[in-house]
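Scroll down for the structure; my scribbles are underneath it.
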Amino acid sequence: DTEVTQTPKHLVMGMTNKKSLKCEQHMGHRAMYWYKQKAKKPPELMFVYSYEKLSINESVPSRFSPECPNSSLLNLHLHALQPEDSALYLCASSQPTSGGKRNIQYFGAGTRLSVL
Amino acid sequence: AQSVAQPEDQVNVAEGNPLTVKCTYSVSGNPYLFWYVQYPNRGLQFLLKYITGDNLVKGSYGFEAEFNKSQTSFHLKKPSALVSDSALYFCAVRDIGSSNTGKLIFGQGTTLQVKP
């Protein structure tokens with residue numbers, strides 16, 4: 001099973017709302033990722049968690065707040081977003097080993113976020 | 001700095017004909033290369049990877065890729081295209097500076113259109 005599950009599939013929020021995106025995997029992966037993707041563009045890395053600790057923050061604005069409560073779950077908390085934050089948010093997971101053989105990232109279907 | 005380039009925004013091919021989606025890379029050291037496919041409103045699906053070894057890599061759904069070190073290329077190929085292969089394709093290289101996190105650097109993507 002190579003499934004990464006993201007909820008919700010769609011989310012519409014106002015600029016003053018607080019919402020959360022959820023990602024779950026049961027492949028035993030210890031690295032988890034958040035990406036932002038605009039239409040027809042490549043995914044842009046936002047955050048990386050390795051062994052439940054934040055290891056990369058790609059200078060993401062503080063209105064995005066990641067959380068990794070355990071090895072299977074990854075959340076992205078959203079607050080005071082801007083319309084330009086509207087995008088597809090993708091979660092991925094992989095083995096965090098240094099050998100490239102295991103570093104296949106498996107992606108969820110994404111959450112389509114619209115900020116009004 | 002490491003990078004990948006996909007020189008074609010779109011590739012059009014007739015069903016049953018062979019297809020090639022091009023990718024060139026620029027890395028220091030040995031490249032870890034990947035191909036992903038994205039269907040509309042979906043996440044990225046892993047197709048294949050090159051780490052070391054055989055220059056012809058076989059992947060999912062009948063796809064294969066040819067690694068050419070002298071030309072720094074990793075082109076995706078399929079002998080006979082299907083209409084259902086129509087999608088957005090991304091080439092990616094693992095960022096070797098990212099230690100154990102497996103950070104990927106993506107190309108800009110190539111839209112493959114297979115016509116009946």
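Since we're looking at a predicted model, the values are computed, not measured. Convention: sequence-line order gives letters A, B, ...; per-chain numbering from 1.
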Please classify the contact of [X] with chain A as side chain, backbone, both or neither, using a heavy-atom distance under 4.5 Å.
| X | value |
| --- | --- |
| B/L88 | side chain |
| B/Y39 | neither |
| B/Q45 | neither |
| B/N41 | both |

For chain A, which residues from residues 12-22 of chain B have at least one heavy atom closer than 4.5 Å to it?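 Within residues 12-22 of chain B, no residue comes under 4.5 Å from chain A.
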Transitive ILVMFWY side-chain link [X] to [Y], under 4.5 Å:
| X | Y | value |
| --- | --- | --- |
| A/V60 | B/I105 | no |
| A/V48 | B/Y36 | yes |
| A/I56 | A/W34 | no |
| B/F106 | B/V4 | no |
| B/F34 | A/M27 | yes |

Give, for atom OH of A/Y33 and atom NZ of B/K103, the distance between the pair rounded to the nearest 0.5 Å.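 Output value for this atom pair is 11.0 Å.
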Value rounded to 0.5 Å, distance of OH in B/Y32 from CD1 in A/I104: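 With rounding to 0.5 Å, OH (B/Y32) is 13.0 Å from CD1 (A/I104).
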Neighbourhood of chain B inside residues 35-44 of chain A, taking heavy atoms under 4.5 Å as contact: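 Within residues 35-44 of chain A, the residues under 4.5 Å from chain B are A/Y35, A/Q37, A/K40, A/K41, A/P42, A/P43.
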Identify the residues of residues 70-93 of chain A whose heavy atoms come closer than 4.5 Å to a heavy atom of chain B, ordered by number, or report 'none'. A/L88, A/L90
With distance as the sole test, does A/Y106 use its side chain to make a donor-acceptor pair with the main-chain N or O of B/F46 at under 3.5 Å?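 Such a contact is absent between A/Y106 side chain and B/F46 backbone.
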Has B/N68 got more than 12 heavy atoms of other residues, nucleotides or ligands less than 6.0 Å from its CG?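 Above 12, so yes.
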Applying ring-ring contact (aromatic ring centres under 6.0 Å, His included), which residue pairs with at least one partner in residues 47-69 of chain B are found, sequence neighbours left out?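 Listed once each, the pairs are B/Y25-B/F67, B/Y50-B/F67, B/F63-B/Y89.
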For residues A/F107 and B/L44, report the shortest heavy-atom separation together with the two atoms involved.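 Minimum heavy-atom separation between A/F107 and B/L44: CB-O, 3.3 Å.
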